[in-house]
Protein chains: 2
Amino acid sequence: MTEMVQYNEKQQQIMAIALRLFAENGYDKTSIRDIAREAEVNVAMVSYYFGSKDKLLEAVFINHFKFIRSAFKTILNQRNDSATEKVSKIIDMFVDMLADRQLFHRLMIRESGILKQGPLFDMIKEMKTVNRRLVEKAVKNGQRLGVFRTDVDVFFMSSVLIGSVHQNMANTRYELEHRNITEEQRETIKHERTETLRTHLKRMFIAYLTDPSNV
Amino acid sequence: MTEMVQYNEKQQQIMAIALRLFAENGYDKTSIRDIAREAEVNVAMVSYYFGSKDKLLEAVFINHFKFIRSAFKTILNQRNDSATEKVSKIIDMFVDMLADRQLFHRLMIRESGILKQGPLFDMIKEMKTVNRRLVEKAVKNGQRLGVFRTDVDVFFMSSVLIGSVHQNMANTRYELEHRNITEEQRETIKHERTETLRTHLKRMFIAYLTDPSNV
DNA sequence: ATGTTTTAATTAAACGTTTGTTTAACTTTG
DNA sequence: CAAAGTTAAACAAACGTTTAATTAAAACAT
């Protein structure tokens with residue numbers, strides 16, 4: 001219970017600012033002094049609370065992974081859906097998860113590219129495995145019911161799923177940067193893009209899974 | 001003609017090492033001294049030849065963009081294919097391009113995430129636009145011939161295309177890291193993954209484009 | 001071809017900044 | 001009064017870059 005109240009207000013403030021700066025400018029291009037300035041705390045507070053810059057990044061990761069793990073559990077415990085509904089729900093979960101936590105995923109995608117070991121590597125690897133298991137479960141369910149093809153590739157599908165969502169956001173960001181529109185319009189376009197992505201991902205996956213043609 | 005021989009041997013040596021280190025360890029985590037050591041040149045040579053670390057990165061980008069642009073032109077000038085063959089060829093081109101130049105694309109994906117302006121931003125934005133145009137052209141061709149649906153989304157498709165390929169490679173890397181296998185086995189698995197990706201991407205896209213069901 | 005001059009390439013050392021982190025003094029809180 | 005929180009200052013290390021000196025290569029005139 002008290003385990004949950006792990007971080008006090010100041011710590012959360014530091015972590016929130018750190019996440020934003022890490023995601024927007026990169027971990028290495030963000031100095032502890034940058035974080036301290038924006039979070040309006042002394043530079044020494046980061047070492048005091050988190051030990052080091054590395055550990056701060058780790059804390060940010062752990063924080064979000066907790067949330068993500070519980071989201072996975074929720075979807076895993078859902079039953080009584082049709083095979084296509086299950087796929088649809090998984091896509092919804094991924095799109096929502098990535099849309100709601102854009103900053104974190106931008107950071108994760110960036111840092112994941114250069115990790116070779118350590119706690120962050122292990123966390124990301126674990127998440128990749130869980131992603132795959134989730135997709136696998138839904139696919140096997142549809143295959144058991146005889147509505148999905150038997151020659152689909154789960155590794156491929158989980159790559160498409162996460163890769164498409166991330167790329168869609170990255171492309172949208174590039175398109176909107178430097179465009180002279182209000183923040184409101186920007187958010188509207190982003191939202192439209194997300195909904196289009198959601199709809200078409202579902203259609204594409206169902207088409208792929210149920211495609212009757214020979215290869 | 002002489003314009004082509006832009007870089008001498010030493011410059012190319014520096015650029016090759018820089019690309020590898022930037023891609024594997026990140027731009028910021030790679031020092032000029034690291035590059036100089038591995039390229040077996042003096043640290044001052046980087047400034048001497050490229051002006052700065054920033055400009056070296058820019059040179060690496062320009063170098064690869066030249067190649068990529070010419071690959072695009074090749075595919076754009078191909079004719080007399082069926083609609084599905086055109087899509088198939090585009091997928092082949094993207095998969096080959098990303099597989100052959102893995103290091104560069106790892107670097108680009110990473111750095112693209114934090115760019116807001118400047119020459120690199122512009123180059124990447126241009127490439128995203130060209131990607132989209134290529135997909136658009138193939139899609140419209142198929143629609144004109146009446147074999148593709150009219151309600152497909154080109155922005156979505158180009159996101160899926162590039163995002164899936166990159167994510168597939170990233171996931172494969174995570175899976176293979178720390179596995180106690182020979183370099184040969186590693187390359188074999190990588191190759192298998194790439195071919196599976198190619199096959200299934202084609203099948204999925206064709207299924208998405210020709211799916212007869214209502215939405 | 002030769003010796004001379006000019007340009008380019010290369011080097012070790014130094015420069016000024018910025019970095020993450022620590023210290024030691026001070027303030028607030030329980 | 002003891003513990004936790006907070007601060008400004010200091011620290012050493014690493015960074016990108018520049019300097020000034022030296023060597024190699026090229027261009028040139030004789």
Side-chain angles (χ1 to χ4, degrees), chain A residues 2-62 107 110-111 114-120, chain B residues 2-62 107 110-111 114-115 118-120:
Chain A
T2 49
E3 186 78 18
M4 286 275 92
V5 194
Q6 217 168 349
Y7 300 110
N8 64 38
E9 254 185 53
K10 210 150 225 169
Q11 284 171 302
Q12 289 178 38
Q13 165 81 343
I14 292 172
M15 286 170 74
I17 298 285
L19 169 62
R20 209 195 72 229
L21 294 180
F22 287 164
E24 288 179 351
N25 308 325
Y27 173 78
D28 292 297
K29 286 193 161 69
T30 304
S31 74
I32 290 189
R33 284 170 178 81
D34 292 334
I35 298 168
R37 195 183 315 112
E38 296 220 22
E40 294 177 300
V41 298
N42 189 276
V43 280
M45 295 309 285
V46 171
S47 301
Y48 179 73
Y49 276 130
F50 298 95
S52 68
K53 193 187 174 189
D54 266 344
K55 294 278 187 186
L56 170 58
L57 177 67
E58 208 180 305
V60 170
F61 264 71
I62 290 172
L107 168 63
R110 181 174 158 86
E111 294 310 317
I114 59 163
L115 292 173
K116 281 147 197 142
Q117 54 182 333
L120 298 195
Chain B
T2 49
E3 186 78 21
M4 285 277 90
V5 195
Q6 218 170 344
Y7 300 110
N8 64 37
E9 253 185 54
K10 210 149 226 171
Q11 285 171 300
Q12 289 178 39
Q13 165 82 341
I14 292 172
M15 287 171 72
I17 297 284
L19 169 62
R20 209 196 72 228
L21 294 181
F22 287 165
E24 288 180 350
N25 308 325
Y27 173 77
D28 293 297
K29 286 193 162 67
T30 305
S31 73
I32 291 188
R33 284 170 178 84
D34 292 334
I35 298 167
R37 194 184 315 113
E38 295 220 21
E40 293 177 302
V41 299
N42 189 277
V43 281
M45 295 308 286
V46 172
S47 302
Y48 179 73
Y49 275 131
F50 298 95
S52 67
K53 194 188 174 189
D54 267 343
K55 295 275 188 191
L56 170 58
L57 178 66
E58 207 179 306
V60 170
F61 264 72
I62 289 171
L107 168 63
R110 181 174 158 86
E111 293 311 316
I114 59 163
L115 293 173
L120 297 195

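Hydrogens, waters and symmetry mates are skipped; everything else that's a heavy atom, side chains included, is used. To find a chain, count down the sequence lines: A is the first, B the second, and so on, and within it residues start at 1. The structure presented is a predicted model; accordingly, all values stated were derived computationally and were not measured.
When heavy atoms are screened at a 4.0 angstrom cut-off, A/Y49 is found touching the sugar-phosphate backbone but no base atom.
For the pair A/K53 NZ and C/dG20 C1', the interatomic distance rounds to 8 Å; values are reported in whole Å. Nucleotide C/dT11 holds its P atom 7 Å from the CE atom of B/M45, rounded to whole Å. The distance from atom CG of A/N42 to atom P of C/dT22 is 14 Å, rounded to the nearest whole Å. The NZ atom of B/K55 sits 12 Å away from the P atom of D/dT18 (whole-angstrom rounding). The CD atom of B/Q11 sits 11 Å away from the C1' atom of C/dA9 (whole-angstrom rounding). Atoms CD (B/E9) and P (D/dA25) sit 14 Å apart, rounded to a whole Å.
Comparing A/V43 and B/V41 by the nucleotide of DNA chain C that holds the closest heavy atom to each, the one mapping nearer the 5' end is B/V41.
Geometric assessment of B/K29 against the ring of A/Y27 yields a negative cation-pi assignment under the 6.0 Å and 45° thresholds.
B/I35 CD1 to B/L19 CG: the interatomic distance, rounded to the nearest 0.5 Å, is 10.5 Å.
Scanning all heavy atoms of the two residues, the minimum distance from B/R110 to A/D28 falls at NH2-OD2, 3.8 Å.
Close to D/dA4, at under 4.0 Å from its OP1 or OP2, lies no side-chain N or O of A/Y48.
Contacts of residues 27-38 of chain A with DNA chain D (heavy atom under 4.0 Å): A/R33.
When side chains are defined from C-beta on, B/F50 counts as touching B/I14, because their heavy atoms get closer than 4.5 Å. Contact check for B/I32 versus B/L56: no side-chain heavy atoms found under the 4.5 Å cut-off.
Side-chain N or O atoms of A/N8 include one that pairs as donor or acceptor with a backbone N or O of A/Q11 at under 3.5 Å.
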